[in-house]
Amino acid sequence: MRKISASLLNGIKYNRNDKSKLEELIVGKEFKTTKEQQKGINFEEDLAIMNGNLIKDKKIEDDEWLTNKKNIFNIIKGSEWQLKVEKVFNIDNEDFLIKGFCDFVKKDEIIYDIKTTKRYCEGDMKFFSSPQHLIYMELTGIEKFQYIINSWEDSKKFYIENYKKNKNNLDLIIQNIRFCRKILLENDLDFPIVE
């Protein structure tokens with residue numbers, strides 16, 4: 001059985017022309033967290049603390065983004081944080097364990113994923129091509145998914161991309177997996193095996 005996550009699929013697509021990066025993704029090499037990535041991690045952790053989750057030695061950062069954090073918290077309030085999801089799918093006569101962690105899930109009604117980005121414009125639908133929302137809706141059975149996007153350009157504004165599960169979700173996930181596997185096989189690689 002092979003294992004897959006939405007972030008692995010996104011990483012394969014992004015690095016499709018760099019065999020060494022693909023190899024690092026497959027072996028699960030830890031990448032150094034950039035300053036921007038850490039800002040995003042801190043932002044999400046602050047939301048988790050506001051939502052009642054305890055994170056050792058962490059307090060909410062009182063920074064210029066506090067207004068956005070409070071406004072986003074009003075949306076995600078009462079959600080479960082970092083819900084582990086996984087399911088085995090048979091694709092082309094081979095089993096694949098697809099797994100991940102949903103940022104926030106509200107009572108089996110909606111999944112929220114917190115994104116931070118340098119710049120976002122209204123209507124961008126920046127995450128439309130990501131398999132993440134497709135996979136998380138399929139793994140949980142929850143029919144609604146929202147990316148809540150904080151742009152570092154404006155500390156008083158955030159954006160939402162809404163997605164709904166439809167009859168094509170599973171087909172789109174399978175297409176993503178086949179596409180990424182083709183990239184890997186062309187580089188003499190494959191998805192990691194479940195240990």
- Between Tyr120 and Tyr159, how do the two ring planes meet: parallel, tilted or perpendicular, split at 30° and 60°? tilted
- Lys144 atom NZ: more than 12 heavy-atom contacts under 6.0 Å: no
- Less than 4.5 Å apart, any side-chain heavy atom of Ile148 and any of Tyr112? yes
- Task: Could you please spell out the steps behind the side chain to side chain contact (heavy atoms under 4.5 Å, CB included) verdict for Leu170 and Phe89?
- Result: CA-CA 10 Å; Leu170 187 55; Phe89 291 91; 3.7 Å; yes
- Message: Using modelled atom types and a 3.5 Å cut-off, is there a donor and acceptor pairing between side-chain atoms of Asn166 and backbone atoms of Asn168?
- Response: yes
- Query: If you round to the nearest 0.5 Å, how far is NZ of Lys69 from CH2 of Trp65?
  - Reply: 9.5 Å
- Taking a hydrophobic cluster as the set of Ile, Leu, Val, Met, Phe, Trp and Tyr residues connected by side-chain heavy atoms closer than 4.5 Å, whether directly or through intermediates, do Tyr163 and Ile174 fall within one such cluster? yes
- Message: Within this structure, what is the CD-CG distance for the pair Glu23 and Asp188, rounded to the nearest 0.5 Å?
- Response: 9.0 Å
- Do the side chain of Asn51 and the main chain of Asn53 share a donor and acceptor less than 3.5 angstrom apart? no
- Query: Can you check whether Ser79 reaches Lys107 side chain to side chain, under 4.5 Å on heavy atoms?
  - Reply: no
- Query: Between Asn90 and Asn93, is there a donor-acceptor pair closer than 3.5 Å when you use the side chain of the first and the backbone of the second?
  - Reply: yes
- Check: Gly11 main-chain N/O paired with Lys21 side-chain donor or acceptor under 3.5 Å: no
- Task: Would you name the heavy atoms of Thr116 and Gly40 that are closest together and state the gap between them?
- Result: OG1-CA, 3.3 Å
- Is there a path of hydrophobic side-chain contacts, each under 4.5 Å between heavy atoms of I, L, V, M, F, W or Y residues, that connects Leu66 with Ile72? yes
- To the nearest 0.5 Å, tell me how far Lys99 NZ sits from Leu139 CG. 11.5 Å
- Would Lys118 and Ser151 count as having a side-chain donor-acceptor pair, cut-off 3.5 Å? no
- Flag yes if more than 12 heavy atoms outside Lys70 fall under 6.0 Å of its NZ atom; otherwise flag no. no
- Query: Among Ile41, Leu47, Asp46, which residue meets the side chain to side chain contact (heavy atoms under 4.5 Å, CB included) test with Phe43?
  - Reply: Leu47
- Task: Taking atom types as modelled, find out whether Gln146 and Asn162 have a side-chain donor-acceptor pair closer than 3.5 angstrom.
- Result: yes
- Task: Ignoring hydrogens and angles, tell me if any N or O in the side chain of Asp154 forms a donor-acceptor pair with the backbone of Lys156 under 3.5 Å.
- Result: yes
- Aromatic ring proximity, centroids under 6.0 angstrom, Phe127 and His133: no
- Item | Side-chain heavy-atom pair Glu143, Lys164 within 4.5 angstrom cut-off | no
- Query: Any link between Leu8 and Ile193 through a network of hydrophobic side chains (Ile, Leu, Val, Met, Phe, Trp, Tyr) touching at under 4.5 Å?
  - Reply: no
- Grab the two heavy atoms, one from Leu22 and one from Asn15, that are nearest each other, plus how far apart they are. CG-O, 3.6 Å
- Task: Determine, step by step, whether Phe145 and Leu134 satisfy the side chain to side chain contact (heavy atoms under 4.5 Å, CB included) criterion, reporting the C-alpha distance in whole Å, the side-chain angles of both residues, the deciding distance to 0.1 Å, and the verdict.
- Result: CA-CA 9 Å; Phe145 186 106; Leu134 301 169; over 6 Å; no
- Can you measure from CG (Asp95) to NZ (Lys3) and round to the nearest 0.5 angstrom? 15.5 Å
- Task: State yes or no: do Ile114 and Trp152 share one hydrophobic cluster built from I, L, V, M, F, W and Y residues joined by side-chain heavy-atom distances below 4.5 Å, directly or via other members?
- Result: yes
- Which value, rounded to the nearest 0.5 Å, describes the distance between Leu83 atom CG and Tyr136 atom OH? 10.0 Å
- What are the two closest heavy atoms between Pro131 and Ala6, and how far apart are they? CG-O, 4.3 Å
- Query: Within a strict 4.5 Å, meaning less than it, do heavy atoms of the Tyr14 and Leu25 side chains meet?
  - Reply: no
- Flag side-chain contact, heavy atom, 4.5 Å: Ile98 against Ser5: no
- Query: Do Gln38 and Asn42 have a side chain donor and acceptor closer than 3.5 Å?
  - Reply: yes
- In terms of hydrophobic clustering (I, L, V, M, F, W, Y; side-chain heavy atoms under 4.5 Å; direct or indirect links), are Val194 and Ile4 co-clustered? no
- Message: My understanding is that only residues two or more places apart in sequence, or in another chain, count here; which of them pass side-chain hydrogen bond (donor to acceptor under 3.5 Å, both in side chains) with Gln132?
- Response: Asp113, Lys115
- Item | Student check: side-chain heavy atoms of Leu97 and Glu86 closer than 4.5 Å | yes
- Query: Looking only at atom types and distance, does a side-chain atom of Lys106 sit under 3.5 Å from a main-chain N or O of Ile75, one as donor and one as acceptor?
  - Reply: yes
- Rounded distance [0.5 Å steps], CZ in Arg16 versus SG in Cys180: 9.0 Å
- Candidate pair Thr140 and Asp108, rule side chain to side chain contact (heavy atoms under 4.5 Å, CB included), full reasoning: CA-CA 8 Å; Thr140 62; Asp108 295 331; over 6 Å; no
- Could you check Ile149 against Lys126 for side chain to side chain contact (heavy atoms under 4.5 Å, CB included), going step by step and ending with a plain yes or no? CA-CA 10 Å; Ile149 305 133; Lys126 185 174 185 166; 6.0 Å; no
- Check whether any side-chain heavy atom of Asp92 lies under 4.5 Å from a side-chain heavy atom of Arg178, and answer yes or no. yes
- Is the count of non-hydrogen atoms from other residues, nucleotides or ligands lying under 6.0 Å from Lys19 atom NZ greater than 12? yes
- Message: Between Asn150 and Lys157, do the side chains contain a donor N or O and an acceptor N or O under 3.5 Å apart?
- Response: no
- Given side chains that start at C-beta, do those of Arg2 and Arg181 come closer than 4.5 Å, heavy atoms only? yes
- Message: For Thr34 and Gln37, which I'm curious about, is there any donor-acceptor pair between the side chains at under 3.5 Å?
- Response: yes
